[in-house]
S.K.: 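Shown below is the structure under consideration.
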Amino acid sequence: DFISSRATYFKSPHGLGNARGACGYGDHGRTIYGGSVAAVSKLYRDGIGCGACYQVRCKIPGICSEDGDTVVAVDYGQGGDKGTDFILSERAFSRLAASPDDAHELFAQGVVDVEFRRVPCRYGSNLLLAIREQSRRPGYLALLPIYQPDNYDIVGIDYYQDKEEEWKHMRKPYGAVWDVENPPPGDLMVKI
């Protein structure tokens, strides 16, 4: 079930993710899963891959841990090395190693062969829809699904308002963000 690939890492304060990631998670994208986050290339799939979880393990005998680490896709990124599907946070990259001393060896290599597979996300929380800060402006509503469970991709969000008496599709402008211009006033129901 594992797919061969390559992984590298990016430097950031405290070894966490990037708050400006392409998925739109903001600060949540830096710290989710204890900072085990990744920028992905072909797995990004125009933002549909945002929030997906992957078990990633490196393949250097004697240096890499057997289980590797589970990471959450929170950003888009391409490694400089051909075939690099994952750019991991420093924290996630170090968790690929069997020991802290082995982590130094992985960081020295910079890019390592890995294998990965999609795994269910386990948050201990239900799916939430966060209202994006941009929704403060009149006539605009933007939602961001977080704590995406299991192995599901979110490919659409519809909203319903009693006055309109019909479901309408929200637009996906970027990453994992879904929005609507001029939403009807009052309570809305959404379905994913």
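Predicted model only: the values in this text are computed from it and were never measured.
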S.K.: In terms of heavy-atom contacts, does CG of Leu128 have more than 12 from other residues, nucleotides or ligands at under 6.0 Å?
M.R.: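 Yes, enclosed.
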
S.K.: Can a donor-acceptor pair be found, under 3.5 Å and without considering hydrogens, that links the side chain of Asp27 to the backbone of Ala19?
M.R.: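 No; judged by distance alone, with no hydrogens or angles, the pair does not exist.
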
S.K.: So, Ser135 side chain and Ala142 main chain: donor-acceptor pair closer than 3.5 Å or not?
M.R.: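 Such a contact is found between Ser135 side chain and Ala142 backbone.
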
S.K.: Got a donor-acceptor contact below 3.5 angstrom from the Lys172 side chain to the Asp179 backbone?
M.R.: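 The answer is no, because no donor-acceptor pair under 3.5 Å joins these two groups.
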
S.K.: Output the distance between atom CG (Leu188) and atom OH (Tyr160), rounded to the nearest 0.5 Å.
M.R.: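 The CG atom of Leu188 sits 11.5 Å away from the OH atom of Tyr160.
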
S.K.: Could you report the tightest heavy-atom contact between Gly77 and Ala39, atom names first, then the distance?
M.R.: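 Residues Gly77 and Ala39, closest heavy atoms: N-CB, 3.8 Å.
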
S.K.: With a 6.0 Å cut-off (strictly less than), is the heavy-atom count around CZ of Arg20, excluding the residue itself, greater than 12?
M.R.: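 It does not: Arg20 CZ has 12 such atoms or fewer within range.
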
S.K.: If you define the side chain from C-beta out and look only at heavy atoms, does anything of Asp85 sit under 4.5 Å from Lys42?
M.R.: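 Side-chain contact under 4.5 Å: yes.
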
S.K.: Roughly how far, to the nearest 0.5 Å, is NE2 of His104 from CG of Asp102?
M.R.: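 So the gap between those two atoms works out to 9.5 Å.
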
S.K.: So, does Arg132 use its side chain to make a donor-acceptor pair with the main chain of Gly24 at under 3.5 Å?
M.R.: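 Looks like yes, one N/O pair under 3.5 Å.
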
S.K.: Please check if the side chain of Ser89 supplies one atom and the backbone of Gly35 the other of a donor-acceptor pair under 3.5 Å.
M.R.: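 It does hold such a pair.
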
S.K.: For Arg91 and Val37, indicate whether the former's side chain and the latter's backbone hold a donor-acceptor pair under 3.5 Å.
M.R.: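 No: the side chain of Arg91 does not pair with the backbone of Val37.
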
S.K.: Less than 4.5 Å apart, side chain to side chain, heavy atoms only: is that true for Asp153 and Arg118?
M.R.: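 Asp153 reaches Arg118 side chain to side chain.
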
S.K.: Does Leu96 share a hydrophobic cluster with Phe10, counting links as ILVMFWY side-chain heavy atoms below 4.5 Å and allowing steps through other members?
M.R.: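 No: no chain of side-chain contacts under 4.5 Å links Leu96 to Phe10.
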
S.K.: Using side-chain heavy atoms (C-beta onward) and a distance below 4.5 Å, is Ile32 in contact with Tyr25?
M.R.: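 When only atoms from C-beta onward are counted, Tyr25 and Ile32 do not touch, as no gap falls below 4.5 Å.
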
S.K.: Nearest 0.5 angstrom please: Phe93 CZ to Leu106 CG, how far?
M.R.: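 It comes to 5.0 Å.
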
S.K.: Does the pair Arg122/Asp150 count as a salt bridge with the N-to-O cut at 4.0 Å?
M.R.: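 Asp150 and Arg122: salt-bridged.
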
S.K.: State whether the number of non-hydrogen atoms from other residues, nucleotides or ligands found under 6.0 Å of Tyr140 atom OH is greater than 12.
M.R.: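 Above 12, so yes.
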
S.K.: For a quick test of reading the model, state the closest non-hydrogen atom pair linking Asp67 to Gln55 and the distance between them.
M.R.: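 Nearest heavy atoms, Asp67 then Gln55: O-NE2, 3.0 Å.
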
S.K.: For atom NE2 of His169, decide whether the heavy atoms of other residues, nucleotides or ligands shown that lie under 6.0 angstrom number more than 12.
M.R.: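 Yes - once you tally the heavy atoms of other residues, nucleotides and ligands closer than 6.0 Å, there are more than 12.
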
S.K.: Quick one: does any side-chain atom of Glu105 pair with a main-chain N or O of Gln109 as donor and acceptor, under 3.5 Å?
M.R.: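 Looks like no, no N/O pair under 3.5 Å.
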
S.K.: Sub-3.5 Å donor-acceptor pair from the side chain of Glu115 to the main-chain atoms of Arg57, do we have one?
M.R.: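 No, the answer is negative, given that no donor and acceptor are paired below the 3.5 Å cut-off.
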
S.K.: Would you please test Tyr123 and Val72 for side chain to side chain contact (heavy atoms under 4.5 Å, CB included) and show each step?
M.R.: CA-CA 11 Å; Tyr123 294 107; Val72 181; 3.8 Å; yes

S.K.: According to a 4.5 Å side-chain heavy-atom criterion applied to Ile, Leu, Val, Met, Phe, Trp and Tyr, with indirect links allowed, do Tyr33 and Ile154 form part of one hydrophobic cluster?
M.R.: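 In one cluster: no.
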
S.K.: At their closest point, which heavy atom of Leu141 faces which heavy atom of Pro183, and how far apart are they?
M.R.: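 It is CB-CG, 3.9 Å.
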
S.K.: If we only count heavy atoms from C-beta on, is the Cys121 to Tyr147 side-chain gap below 4.5 Å?
M.R.: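 When only atoms from C-beta onward are counted, Tyr147 and Cys121 do not touch, as no gap falls below 4.5 Å.
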
S.K.: Please check this pair: side chain of Ser12 against backbone of Leu16, looking for a donor-acceptor N/O pair closer than 3.5 Å.
M.R.: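 Side chain of Ser12 to backbone of Leu16: a pair is present.
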
S.K.: Less than 4.0 Å between a side-chain N and a carboxylate O, is that true for Asp113 and Lys59?
M.R.: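 A salt bridge is absent here (no side-chain N lies under 4.0 Å from a carboxylate O).
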
S.K.: Here's a test for you: under side-chain contact (heavy atoms from CB on, under 4.5 Å), which of Asp158, Ile192, Ile157, Val177 qualifies with Met170?
M.R.: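 So, applying the side-chain contact (heavy atoms from CB on, under 4.5 Å) to Met170 and each of Asp158, Ile192, Ile157, Val177, only Ile157 qualifies.
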
S.K.: Hey, any chance Trp167 and Val190 share a hydrophobic cluster, counting ILVMFWY side chains that come within less than 4.5 Å of each other, even indirectly?
M.R.: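 Each belongs to a different hydrophobic cluster.
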
S.K.: Strictly by ring pair (Phe, Tyr, Trp, His ring centres under 6.0 Å), give each pair with a member in residues 39-67 just once, sequence neighbours left out.
M.R.: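 Matches after skipping sequence neighbours: Tyr44-Tyr76, Tyr54-Phe86, Tyr54-Phe116.
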
S.K.: So, the side chain of Thr31 versus the backbone of Gly34: is there a donor-acceptor pair under 3.5 Å, distance only?
M.R.: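 Pair absent, no side-chain N/O of Thr31 close to backbone of Gly34.
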
S.K.: Is the shortest heavy-atom distance from the side chain of Val74 to the side chain of Val40 under 4.5 Å?
M.R.: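 Not touching, per the 4.5 Å side-chain cut-off.
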
S.K.: Compare all side-chain heavy atoms of Lys11 with those of Phe107 and state whether any distance is below 4.5 angstrom.
M.R.: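 Contact flag for Lys11/Phe107 side chains = no.
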
S.K.: Indicate if Leu127 and Leu143 have the same hydrophobic cluster label, given that clusters are the connected sets of ILVMFWY residues with side-chain heavy-atom separations under 4.5 angstrom.
M.R.: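 Both belong to a single hydrophobic cluster.
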
S.K.: Can you check side chain to side chain contact (heavy atoms under 4.5 Å, CB included) on His28 and Ile146, steps first, answer last?
M.R.: CA-CA 9 Å; His28 178 71; Ile146 56 175; 3.8 Å; yes

S.K.: Any link between Ile63 and Val114 through a network of hydrophobic side chains (Ile, Leu, Val, Met, Phe, Trp, Tyr) touching at under 4.5 Å?
M.R.: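 Same cluster: Ile63 reaches Val114 through Ile, Leu, Val, Met, Phe, Trp or Tyr contacts under 4.5 Å.
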
S.K.: About how many Å separate CG of Asn151 and CZ of Arg117, when rounded to the nearest 0.5 Å?
M.R.: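 So the CZ of Arg117 and the CG of Asn151 are separated by 10.5 Å.
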
S.K.: Side-chain contact test, heavy atoms from C-beta onward, threshold under 4.5 Å: evaluate it for Leu144 versus Leu129 and give yes or no.
M.R.: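 Sidechains of Leu129 and Leu144: no contact.
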
S.K.: Shortest non-hydrogen contact from Thr70 to Cys53?
M.R.: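 Result for this residue pair: CG2-CB, 4.2 Å.
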
S.K.: Check Cys23 against Ala73 and note the closest heavy-atom contact, atom names and distance.
M.R.: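 Closest approach of Cys23 to Ala73, heavy atoms only: SG-O, 4.2 Å.
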
S.K.: I'd like to check Ser36 versus Leu88 (side-chain heavy atoms, cut-off strictly below 4.5 Å). Are they in contact?
M.R.: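 A side-chain contact under 4.5 Å is absent here.
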
